Amino acid sequence: MIKNSIKQCILRCVQELHQLELSDSDIVIEIPKNRELGDFSTNIAFRLAKPLKQSPLIIAEALCTHINSDSDRYSCSSVKGFINIHLLDDYLWQYLSELLQTKPEFSKLSESILLEYVSANPTGPLHVGHGRWAVLGAALSRLFVFTQQRFKTETYINDAGNQISLFYESVNAVKEGKVIPENGYHGHYIHDLASSEADPVKAIIQQQRQTLDRLGVSFDTWYSEKSLHESSKIDDVLSFLKTSSLSYESDDALWFKSSSFGDDKDRVLIKSDHSYTYFLVDLAYHFDKVNRGFDYIINIWGADHHGYVPRVQAGIQSFTSEKKDVQFKVLIGQLVSLFRNGEAVRMSKRTGEMITLDEVIDEIGVDATSYFLLHKSSDSTIDFDLELAKQKNAENPVFYVQYAHARMCTLLSKFDDVKPFDGKVSFTPEERALATLCLLFYDVVWDATSSLSPYKLTQYCVQLAKAFHVFYEHCPIKSSDDETQRKRLCLVTFTKDILKNALNLCGISAPQRM
RNA sequence: GCGCCUGUAGCUCAGCUGGAUAGAGCAACGGACUUCUAAUCCGUAGGUCGGGGGUUCGACUCCCUCCGGGCGCACCA
């Protein structure tokens, strides 16, 4: 990773010059907003000012001199305490040429990750909210594969409990020509299910699976809540909590001392009517996750469940207090609102009037669906305008990016095999901007992976597409001399491969032609 | 009332563990196609970063407070 190798260089120089041992995290490599300053920059001189008791300007000056005398990779200059790093052309080109052939060793986020997502009730079709968790989880999975993490994916099927009973009642009511219970399920699909012989829950799961398939989402395990009830796992967690004195009886109910682990209050496990709470069953599920040996447990939940996080967190903590550290992370995806030409599309689960994820995919396609559900930080709500997502013009970033890829493909097809360029290089500003952006690919991949933020990758796609379009307008290929032509064709080839990789990691196709 | 998320250009959003003149896309306005796809590019305009305090050499970024928006606060799932 390019930023990393620059970091290492600076670490070494600081060590040689000042006998200071810094760690990776002490150094920040940035890309200057004003690109004329350099390809990269660092503010390390400001950070060293205090410990060294020197002015940042002097520190920066000395470091630059040291790096310049020492490195055949970088040429540095110091401006107002910042160190601006300019990659030497030959080094830049060599780095770029080998980029995709030499994938770096990525760090391990943990020994073994479990990523649980979607986990929908099998009582109806998936909606766009599910789509967001699905797209997010799938992108993370691909990033985990790409960065060679050890991990499993899983979805939890809530195929037991009150909602399921209500669901069956609703379907049966229609079958028997009765009125669906007030708090039951009223969607049109209930009538379809009633006219079929198949088990409604199985039918819905099958339907959900097909929808997820379209988005490229699959799971190692479909974990059934029902199977938990049928196993001894609920008793296991109960006896664990009892023997650890983490539960107690009060008001005829059994409680978990979740407040001892940071929750606002204690939570009921077994109700006074002796039935289990949903929480108990979920606790059993997470107990099982820990017992299966995962040490990084990631759940993707909708914002409407965020109040539930502390109690599950409390559970995990109580299970693992005597064991090695287990990380537990709940990714809260904020809600998705659908719009059409600026008008909110009403969604009511109650009356069953809602646009399903399938309908959205039918209308705007997989690529746009993936893009629009992925492109924002999961902390932000998404206002999703269907008409905008459908437009095949510049208003729609999906097309902007895909067009860049198609443009590269047709451009390359105009020329015979691209021969490697290994001469002495020099760059125009547009070439350099494109090339340095290409170098950042693995840095972005790692950033997106470690921060569990695939949206950074969609941003990168747009940036790369922009840099390419600019290059395309300013750097003709056909009309340039042999050397330049070969260099530019190589650059386009590298860019195309990187953009394709980046798009595919986002679950978006990279068309050859548009 | 309490908790989580959020408030940056007309719109949709970035802004990396505080750092250089706050960025991008779209929309607006003005340009560029006999030349590798104009689904593109170039230029112009547009911001007291919700308000107010504080910490700092330096704050969109950290702390406090107030205001607005979303979501949640069950012996429901």
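When reading the values below, keep in mind they use all heavy atoms of this one structure, side chains included, and skip hydrogens, waters and symmetry mates. Please read all numbers here as calculations on a predicted model, not as lab measurements. In what follows, chains carry the letters A, B, and so on, assigned in the order in which the sequence lines appear, proteins first and then strands, with residues in each chain numbered from 1.
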When you check the gap from the basic side-chain N to the acidic O, do [X] and [Y] get nearer than 4.0 Å?
| X | Y | result |
| --- | --- | --- |
| Glu116(A) | Lys289(A) | yes |
| Lys3(A) | Asp443(A) | no |
| Arg267(A) | Asp263(A) | yes |
| Glu431(A) | Lys487(A) | yes |

Any base atoms under 4.0 Å from [X], or only sugar-phosphate, or nothing? Heavy atoms, all strands.
| X | value |
| --- | --- |
| Val309(A) | nothing |
| Glu30(A) | base |
| Lys414(A) | sugar-phosphate |
| Ala406(A) | base |
| Asn84(A) | base |
| Leu254(A) | nothing |
| Ala303(A) | sugar-phosphate |
| Ile27(A) | base |
| His305(A) | base |
| Cys475(A) | base |
| Phe279(A) | nothing |
| Ala448(A) | nothing |

Quick one: [X] [atom1] to [N] [atom2], roughly how many Å, whole number?
| X | N | atom1 | atom2 | result |
| --- | --- | --- | --- | --- |
| Tyr308(A) | C4(B) | OH | C1' | 17 Å |
| Asn43(A) | U17(B) | CG | P | 12 Å |
| Arg132(A) | G70(B) | CZ | C1' | 12 Å |
| Leu57(A) | G19(B) | CG | C1' | 13 Å |
| Asn396(A) | U12(B) | CG | P | 16 Å |
| His375(A) | C26(B) | NE2 | C1' | 11 Å |
| Glu473(A) | U35(B) | CD | C1' | 12 Å |
| Asp264(A) | G1(B) | CG | C1' | 13 Å |

Inter-nucleotide [atom1] distance ([N], [M]), Å rounded:
| N | M | atom1 | result |
| --- | --- | --- | --- |
| G18(B) | A59(B) | C1' | 6 Å |
| C49(B) | U8(B) | C1' | 4 Å |
| U44(B) | U6(B) | C1' | 33 Å |
| C63(B) | U56(B) | P | 16 Å |
| U55(B) | U61(B) | C1' | 13 Å |

May I ask you to decide if the ring planes of Phe471(A) and Phe468(A) are parallel, tilted or perpendicular, using 30° and 60° as cut-offs?
-> tilted
His286(A) and Trp301(A) aromatic ring geometry - parallel, tilted or perpendicular at 30°/60° bounds = perpendicular
Does the aromatic ring of Tyr400(A) sit over the six-membered base ring of G25(B), closer than 5.5 Å centre to centre and tilted less than 30°?
-> no
What's the closest nucleotide to the side chain of [X] if the choices are [options]?
| X | options | answer |
| --- | --- | --- |
| Gln459(A) | A14(B), C75(B), C4(B) | A14(B) |
| Tyr403(A) | G15(B), A77(B), A39(B) | A39(B) |
| Thr277(A) | A20(B), C75(B), G19(B) | C75(B) |
| Tyr472(A) | A38(B), A20(B), C4(B) | A38(B) |
| Val268(A) | C41(B), A77(B), C75(B) | C75(B) |
| Ser272(A) | G19(B), A20(B), C75(B) | C75(B) |
| Asp251(A) | C75(B), G18(B), C36(B) | C75(B) |

Contact under 4.0 Å: [X] side-chain N or O vs [N] OP1/OP2:
| X | N | result |
| --- | --- | --- |
| Tyr455(A) | U12(B) | no |
| Asn162(A) | A77(B) | yes |
| Lys265(A) | C73(B) | no |
| Ser380(A) | A14(B) | yes |
| Arg407(A) | A38(B) | yes |

Which nucleotide, if any, forms a Watson-Crick or G-U wobble pair with [N], using both distances under 3.5 Å?
| N | answer |
| --- | --- |
| G1(B) | C73(B) |
| G46(B) | none |
| C26(B) | G10(B) |
| G18(B) | none |
| C62(B) | G54(B) |

Does Ser377(A) make a side-chain donor-acceptor contact with the base of A14(B), cut-off 3.5 Å?
-> no
Any N or O donor-acceptor pair linking the side chain of Asp304(A) to the base of A77(B) at under 3.5 Å?
-> no
Under 3.5 Å, is there a donor-acceptor pair between the side chain of Tyr185(A) and the main chain of Val171(A)?
-> no
Ranking Asp252(A) and Met514(A) by the position along RNA chain B of their nearest nucleotide, the one closer to 5' is Met514(A)
Starting from the 5' end of RNA chain B, give me the residue, Lys3(A) or Leu411(A), whose nearest nucleotide shows up first.
-> Lys3(A)
Pair [X], [Y]: side-chain N/O donor-acceptor within cut-off below 3.5 Å:
| X | Y | value |
| --- | --- | --- |
| Tyr168(A) | Gln163(A) | no |
| Ser480(A) | Gln485(A) | no |
| Asp266(A) | Tyr248(A) | yes |

Where the chi angle of C33(B) falls, syn if within 90° of 0 and anti if not = syn
Tell me, please, whether Phe256(A) has Arg311(A) positioned over its six-membered ring: NZ or CZ under 6.0 Å from the ring centre and within 45 degrees of its axis?
-> no
Decide yes or no on salt bridge (Lys or Arg N to Asp or Glu O under 4.0 Å) for Lys226(A) and Asp159(A), but give the supporting numbers first.
-> CA-CA 6 Å; Lys226(A) 207 164 127 196; Asp159(A) 55 356; 5.6 Å; no
Name every residue in residues 462-471 of chain A that has at least one heavy atom under 4.0 Å from any atom of RNA chain B, in order of residue number, or write none if there are no such residues.
-> Lys466(A), His469(A), Val470(A)
